[in-house]
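Report on the following structure.
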There are 2 protein chains.
Amino acid sequence: MLLRIDPASSVPLFEQLAASVRAEASRGNLREGDRLPAAREVAVSLDINVHTALRAYQLLRDEGLVDLRRGRGAVVTDRVAHYSELGEAIPRLVASAKEVGVGVQTLTAMIRQEYGS
Amino acid sequence: MLLRIDPASSVPLFEQLAASVRAEASRGNLREGDRLPAAREVAVSLDINVHTALRAYQLLRDEGLVDLRRGRGAVVTDRVAHYSELGEAIPRLVASAKEVGVGVQTLTAMIRQEYGS
DNA sequence: GCATTGTGCTAGTACAAATAGAACAATAGG
DNA sequence: CCTATTGTTCTATTTGTACTAGCACAATGC
């Protein structure tokens, strides 16, 4: 499990952490039943507050990627399969956008627009 | 030109307005050389501040979708073609995400992650 | 010249992120 | 059964940023 964050980035720490976990899922490095390191443990190793680490985990729980239970930790659900599926489709779209010079902000805005309608 | 915004939405007004213009572009309703209504005009008809309308236009300028000039207004550039291209690819990905129950926030986060790497 | 249109500057308000401390509840394992 | 582990809940503070807005200014077009 490679979890990285960049304290200098403008992206919130908890989002970076969640994204880092998703990336592992997209690459197929996570399987149903796998257990993520404890929030307290992650907080120490990344030098962030426990609440921040927990918030990332709670975000992933809201998405359904992990189950959270006291004493047991964060366990990957069966939904991890969907993430690796999208892990193939997404790079294609991103490549197209980059080719024609459409930025991240614009692309994500267009997706939100499409999703909402 | 159908420009709509929802004051009740949590999405910033200027982003909604910009998205509304992009949507027109994606649908092929805008062509190179077309002129958008004046910011002050849009502000009045949508009942928002001029700065808010202007900020939307400046966002579109930064994207390269329009050229902005004093006294002349906002003119659509040749990049509009790319927007209608993506207007076909994006719905496919969004449909896939919806099928497997992946939300907007998650999807856009994954795209940012992919874009950045 | 004069109206139109975008730009710059300034500022108030509100919201979100991150940190912190403390107490609590469920689970796992010896 | 007991204990350590792990997430949950609550309150609070600090800090930074986003959004909106008002006013004066500058460039363009007719």
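Numbers restart at 1 for each chain; the letters A, B, ... are given by sequence-line order, proteins then strands.
Shown are A/Asp6, A/Leu3, A/Ile48; of these, the side-chain contact (heavy atoms from CB on, under 4.5 Å) with A/Gln16 is made only by A/Asp6.
Protein chain B touches strand DNA chain D; the 5'-most and 3'-most nucleotides with an atom under 4.0 angstrom of its non-hydrogen atoms are D/dC19 to D/dG29.
For residues 43-59 of chain B, proximity to DNA chain D is found at B/Asn49, B/His51, B/Thr52, B/Arg55, defined as any non-hydrogen atom under 4.0 angstrom from a strand atom.
Nearest-nucleotide assignment on DNA chain C puts the 5′-proximal partner with B/Arg40, out of B/Arg40 and A/Val11.
Taking 4.0 Å as the cut-off between side-chain N and carboxylate O, A/Arg79 and A/Glu32 do not count as a salt-bridged pair.
Within the 4.5 Å cutoff, no side-chain heavy atoms of B/Arg31 are placed close to those of B/Val76. Put simply, the side chain of B/Tyr57 reaches to within 4.5 Å of the side chain of B/Val42, judged on heavy atoms.
Between A/Arg72 atom CZ and C/dT27 atom C1' the separation is 9 Å, expressed in whole Å. Rounded to a whole Å, the CG atom of B/Leu68 is 14 Å from the C1' atom of C/dG8.
Between B/Arg61 and the phosphate of C/dT5, there is no side-chain N or O to OP1/OP2 separation shorter than 4.0 Å.
Here B/Leu60 contributes atom CG and B/Asp67 contributes atom CG; the two are 11.5 Å apart, rounded to the nearest 0.5 Å.
For the 3.5 Å distance criterion, the side chains of B/Glu63 and B/Tyr83 qualify, holding a donor opposite an acceptor.
Minimum heavy-atom separation, B/Leu59 to B/Ala18: CD2-CB, 4.0 Å. A pairwise comparison of heavy atoms in A/Leu86 and A/Pro91 identifies O-CD, 3.9 Å as the closest pair.
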